[in-house]
Amino acid sequence: MKMVACGCCAASWRRCVVMSLRLLFLLPAGLPVRSQGESQSDNKQMDNITIRQGETLFLSCLQGDFVTHTAWLNRSSILYAGEDKWSVDPRVSLVTLNQDEFTIKIEDVDLTDEGQYICAVQTSSRPRTTSVHIIVQVPPKIVNLSKDLVVNEGSNVTLMCLANGKPEPAIGWRMLSPSDDSLSSDSEVLEIPFISRYRAGVYECTASNDIAVDTQTVELTVNYPPSVSDGRDVGVTLGQRGVLQCEADAVPEADFEWYRDDRRIFNGFDGIEIEDAGAFSKLTFFNVSEADYGNYTCVAINKLGSANTSIILYGPGAVQDGNSGTSTVFTPTCLLLVVLLQLLLKF
């Protein structure tokens, strides 16, 4: 830091301070500047001060004996000349001014306050200056983030996260819910090619520096066509209550339709109730009759496709062959024919 002596006998104090400041910043780096009777120690460079955005900065310099004028300057602006405030910034105020100390403060420090500050002191013989460089650190803040997305399964997805801060923040992505450490990124962009339904969830962007951490989340919804669980056949005696159940996995949730052979069944039809609740649908018979026995089909539908399963409602005497939707019925007449056939074969 190079300082210039300015005699104030021929100019006002204010003009002298301004001229000194201008010369201070126009001088080439490395050029030693001294006036007659001035020592190099008259101009001091303090260690840098690092402060966080939003905090209060105190700037203080020593006065000493025989001081006639004093001022705090920031770049090309005078903040205070003695007790006179030159700055129009309401955040700047005088704390202490006496023979020993000259202290001002700047509240709610911002990045624009960063730079060099000079305390200029005029004694009866010559001026001296003390300079300090202020470094303002800014906590990270995410300023641009992908919005919540709804995509179809198989799509390519790109999530973007941009953040400001000083020092420059490091940015990373991870799958937050459900947690998946294998799906992460140490950059502003997270690429997910050919996304599957299992990649749906909440993704978190983290921006961090030495000051703090900022996090925000994006919810990713993946649409896919329905898949229906195998139906379980149900046996019910006449006059009893019977319930057929159907479950479908789909996003968005599937709508359900029930069919008896090729005929669609509607709620309230022939005393039958249809109740849908999320991924489930129930077909309820309150008083099963002989005519109700047979094969029923549950169809799950959303905008991406459909799926179906068959369920058999059967009565006493029917033996089910798994849950394939078919049944083999052995009646007493059938059993009698089998016995007669076996007797004939013996002869």
Side-chain angles (χ1 to χ4, degrees), residues 1-138 166 211:
M1 193 65 200
K2 308 304 177 184
M3 304 297 170
V4 178
C6 174
C8 293
C9 55
S12 68
W13 163 245
R14 293 184 178 181
R15 182 181 177 188
C16 175
V17 171
V18 173
M19 289 175 62
S20 297
L21 183 65
R22 289 176 178 172
L23 288 171
L24 178 70
F25 284 94
L26 289 173
L27 286 172
L31 180 64
V33 178
R34 297 184 189 176
S35 63
Q36 184 177 4
E38 179 188 9
S39 68
Q40 191 174 14
S41 62
D42 288 335
N43 304 318
K44 297 180 180 179
Q45 175 71 50
M46 298 172 59
D47 293 337
N48 294 343
I49 295 178
T50 300
I51 189 171
R52 295 184 181 184
Q53 184 183 45
E55 295 182 344
T56 298
L57 171 66
F58 289 89
L59 296 172
S60 181
C61 68
L62 300 178
Q63 295 277 78
D65 297 332
F66 310 113
V67 171
T68 58
H69 298 87
T70 186
W72 265 110
L73 309 97
N74 174 16
R75 296 182 289 273
S76 60
S77 302
I78 301 176
L79 302 178
Y80 263 91
E83 295 182 347
D84 295 333
K85 181 178 179 180
W86 285 35
S87 172
V88 297
D89 192 334
R91 300 175 303 134
V92 180
S93 61
L94 178 65
V95 178
T96 304
L97 178 58
N98 54 41
Q99 184 177 351
D100 300 318
E101 179 186 348
F102 181 27
T103 301
I104 64 172
K105 72 175 180 179
I106 304 174
E107 298 179 283
D108 194 21
V109 170
D110 201 355
L111 193 59
T112 55
D113 297 315
E114 187 172 85
Q116 189 176 50
Y117 290 77
I118 299 172
C119 178
V121 175
Q122 176 68 45
T123 68
S124 57
S125 59
R126 59 181 180 270
R128 68 172 185 266
T129 61
T130 302
S131 61
V132 60
H133 191 86
I134 305 302
I135 300 172
V136 179
Q137 292 184 326
V138 182
K166 187 181 179 187
I211 313 304

One should read off an interatomic distance between Asn74 CG and Glu114 CD, to the nearest 0.5 angstrom, of 11.0 Å

Quick check against the 3.5 Å criterion: does Lys166 have a side-chain atom that pairs as donor or acceptor with the backbone of Ile135?
no

More than 12 heavy atoms from other groups under 6.0 Å of CG on Asn48: yes

| Do Ser87 and Trp72 touch side chain to side chain, with heavy atoms closer than 4.5 Å? | no

In short, Trp86 meets Ala81 closest at the heavy-atom pair NE1-CB, 3.7 Å

What one should report as the nearest heavy-atom pair of Leu73 and Ala120 is CD1-CB, 3.9 Å

_Validation row: Val109, Glu55 side chains within 4.5 angstrom (heavy atoms)_ = no

Do Ile106 and Tyr117 have side chains that approach each other closer than 4.5 Å (heavy atoms only, starting at C-beta)?
yes

As a quick check of understanding, evaluate side chain to side chain contact (heavy atoms under 4.5 Å, CB included) for Leu59 and Ile134, giving each step before the final call. CA-CA 10 Å; Leu59 296 172; Ile134 305 302; 4.0 Å; yes

When you compare the side chain of Ile51 with that of Val136, does any pair of heavy atoms fall below 4.5 Å? yes

Between the NE2 atom in His133 and the CD atom in Gln45, the distance rounded to the nearest 0.5 Å is 9.0 Å

Rounded to the nearest 0.5 Å, the CG atom of Leu79 sits from the NZ atom of Lys105 at a distance of 14.5 Å

Partner of Gln53 under side-chain contact (heavy atoms from CB on, under 4.5 Å), picked from Ile211, Asp108, Val138, is Val138

| query | Side-chain contact, heavy-atom cut-off 4.5 Å: Leu94 with Lys85? | reply | no

Residues Cys119 and Thr70: closest non-hydrogen pair is SG-OG1, 4.2 Å

Quiz item: Would a distance-only check, ignoring hydrogens and angles, find a side-chain to backbone donor-acceptor pair under 3.5 Å from Thr68 to Gln122?
Solution: yes

Taken to the nearest 0.5 Å, the spacing of Met46 CE from Ser131 OG works out to 9.0 Å

#### Entry: Polar contact flag, side-chain donor to acceptor under 3.5 angstrom, Thr56-Glu107
no

Going by atom types alone, do Thr103 and Thr96 pair a side-chain donor with an acceptor below 3.5 Å?
no

Report yes or no: does Asp110 contribute a side-chain atom to a donor-acceptor pair with the main-chain N or O of Thr112 at less than 3.5 Å?
no

Taking the side chain as every heavy atom from C-beta outward, state whether Asp113 and Arg91 have any pair of such atoms under 4.5 Å apart. yes

